[in-house]
Amino acid sequence: AKEKQDGEPALYDPIMHSSLVERLALEAELRKAVADHQLQVHYQPTYVLESGELVGVEALVRWPHPERGMVQPDLFIPIAEQTGLIHEIGRFVLREACFQGQEWARMSPSTPMNIGVNVSGKQLQRRDFADEVSRALADSGLDAGSLVLEMTESVLMNDAESAMRTLKALKDTGVRIAIDDFGTGYSSLSYLHRFPVDILKIDRSFVDRLSGADAQDSLVQSIVQLGNTLQLETIAEGIEEHSQLIALRRLGCTMAQGYHFGRPAPADTVSALVMDQNAN
Ligand code: C2E
Ligand code: CA
Ligand code: CA
Ligand code: CA
């Protein structure tokens with residue numbers, strides 16, 4: 001298997017992806033994988049930058065394919081969105097993450113973890129999405145305050161009125177909202193005032209620029225300051241190097257996630273971290 005840059009094996013050749021036949025095959029296989037419950041959820045830990053304390057996870061969907069190996073979400077999520085499969089996949093990830101989150105909460109009642117779940121624009125467009133979230137919380141027993149729904153700026157800007165309606169309904173359930181890949185989208189700051197947002201996730205491309213020969217920290221600094229002004233928490237994504245961690249701390253960013261701390265992994269790996277933290 002050839003290694004992708006991020007270290008997870010990528011057996012699937014993206015060039016083949018451009019062929020329509022190949023795409024149709026992938027779509028059929030995805031449909032089958034969903035029906036056969038083959039998708040899995042991995043979890044990547046999030047840490048408090050100052051203390052190094054484990055504060056949460058982000059749930060990331062995985063498709064272990066019998067011949068293609070691990071198919072990356074960047075490849076199959078777009079197909080899922082185009083075919084409507086995203087609703088079933090999204091519901092699966094949401095429910096799985098809520099039940100798993102509740103198990104961790106039981107293991108470690110004194111330190112509840114934030115459970116981040118990615119939400120596609122297509123899911124947000126559904127009128128019953130907030131009900132689906134309420135049901136997942138009720139069925140799993142997870143505290144609503146532990147659930148963080150991650151969505152990109154473009155998802156909110158695209159059909160802003162209906163997005164606002166759904167967001168308000170979601171906020172009523174007690175969950176929190178994070179803007180994913182912050183800084184890469186429309187960058188219209190006015191929506192941050194209008195939408196009930198709680199957390200900014202600083203995109204990896206900005207974190208990347210914190211290290212190297214032409215290191216540059218003014219963009220991250222602006223985002224952290226914006227977060228402070230609006231009383232939002234800031235999570236930096238994609239920390240790969242210690243020097244980035246040091247820079248982020250200096251800039252006042254509160255939380256971080258990245259290969260430097262830990263890669264996405266099966267739930268058991270995180271359970272071990274939770275028990276470790278409990279023992280200390
Ligand atoms: P994202 O939401 O921005 O998720 C972060 C991605 O960055 C993940 O890729 C994660 O494995 C990767 N990552 C984390 N730390 C590092 C690092 O230090 N360096 C590098 N190079 N990468 C890092 P992944 O799991 O392949 O997911 C890609 C995208 O697919 C996600 O980007 C998200 O947009 C989408 N996705 C994943 N799971 C779901 C899901 O359940 N539902 C929806 N709608 N989208 C999902
Ligand atoms: Ca995310
Ligand atoms: Ca992101
Ligand atoms: Ca992304």
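Throughout, residue positions are numbered sequentially from 1 according to the sequence presented. Keep in mind that what you see is a predicted model, and the values were worked out from it rather than measured. Both ligands and their constituent atoms are indexed starting at 1 by order of listing.
The shortest N or O to N or O distance between E240 and ligand 1 is under 3.5 Å. Note: no N/O pair closer than 3.5 Å links E150 and ligand 1 by distance alone. The shortest N or O to N or O distance between Q257 and ligand 1 is not below 3.5 Å. Between H260 and ligand 1, no pair of N/O atoms sits closer than 3.5 Å. Considering backbone and side-chain atoms alike, V93 places every N or O at 3.5 Å or more from each N or O of ligand 1.
Each of the following atoms of ligand 1 lies closer than 4.0 Å to a heavy atom of Q72: 26 (O). For ligand 1 and S120, the ligand atoms under 4.0 Å from any heavy atom of the residue are 44 (N). In the vicinity of P264, heavy-atom distances shorter than 4.0 Å reach the ligand 1 atoms 11 (O). Listed by number with element, the atoms of ligand 1 under 4.0 angstrom from any heavy atom of G258 are 15 (N), 18 (O). Of all atoms in ligand 1, numbered sequentially from 1 with element shown, those under 4.0 Å from a heavy atom of Q44 are 14 (C), 15 (N). Residue-ligand proximity, D74 to ligand 1, at heavy-atom distances under 4.0 Å covers atoms 28 (C), 29 (C), 30 (O). Distances below 4.0 Å separate heavy atoms of E237 from the following atoms of ligand 1: 3 (O). Numbered from 1 in the order shown, with element, the atoms of ligand 1 that lie under 4.0 Å from a heavy atom of D181 read 3 (O).
Not a single heavy atom of G90 sits under 4.0 Å from any atom of ligand 1. Residue E58 places a heavy atom under 4.0 Å from ligand 1. At least one heavy atom of R62 sits less than 4.0 Å from an atom of ligand 1.
At a heavy-atom cutoff of 4.0 Å, ligand 1 is contacted by no atom of V117, backbone or side chain. For K201, no heavy-atom contact with ligand 1 is shorter than 4.0 Å.
At least one donor-acceptor pair under 3.5 Å links the side chain of Q44 to the backbone N or O of G262.
Between OD1 of D181 and OE2 of E237, the angle at the Ca ion (ligand 3) works out to 140°, rounded to 10 degrees. Expressed to the nearest 10°, the angle at the Ca ion (ligand 2) joining OD2 in D180 with OE2 in E58 is 170°.
Side chains of D143 and P112 form no contact here, defined as non-hydrogen atoms less than 4.5 Å apart.
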Exercise for the section: Run the numbers on W104 and F99 for ring-ring contact (aromatic ring centres under 6.0 Å, His included), then give the verdict. Expected result: CA-CA 9 Å; W104 289 324; F99 278 86; over 10 Å; no

Handout entry: Intermediate values then yes/no, salt bridge (Lys or Arg N to Asp or Glu O under 4.0 Å), R209 and D217
Key = CA-CA 7 Å; R209 285 185 233 171; D217 63 13; over 6 Å; no

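Both cation-pi conditions hold for R263 and Y259: the charged atom is under 6.0 angstrom from the six-membered ring centre and inside a 45 degree cone around its axis.
Under the side-chain hydrogen bond (donor to acceptor under 3.5 Å, both in side chains) rule, N114 has a single partner from E233, R176, E58, which is R176.
Side-chain heavy atoms closer than 4.5 Å link hydrophobic residues (I, L, V, M, F, W, Y) into clusters, and following such links, possibly through other members, connects V274 to V117.
Salt-bridge annotation for R95 and D139: present, with a side-chain N of the basic residue lying under 4.0 Å from a carboxylate O of the acidic one. The residues E132 and R126 are annotated as not salt-bridged, no charged nitrogen and carboxylate oxygen being separated by less than 4.0 angstrom.
Heavy atoms only, all atoms of each residue included: V224 and L251 are closest at CG1-O, 3.2 Å. Heavy atoms only, all atoms of each residue included: K201 and Q257 are closest at NZ-OE1, 2.9 Å.
Using the six-membered ring where Trp is involved, F76 and W63 have ring planes that are perpendicular, over 60° apart on the 30 and 60° scheme.
The residue from Y259, W63, F92 that puts a heavy atom closest to atom 12 (C) of ligand 1 is Y259.
Nearest N/O/S atom of E150 with respect to the Ca ion (ligand 2) is recorded as OE1.
More than 12 heavy atoms of other shown residues, nucleotides or ligands fall within 6.0 angstrom of atom CD in Q82.
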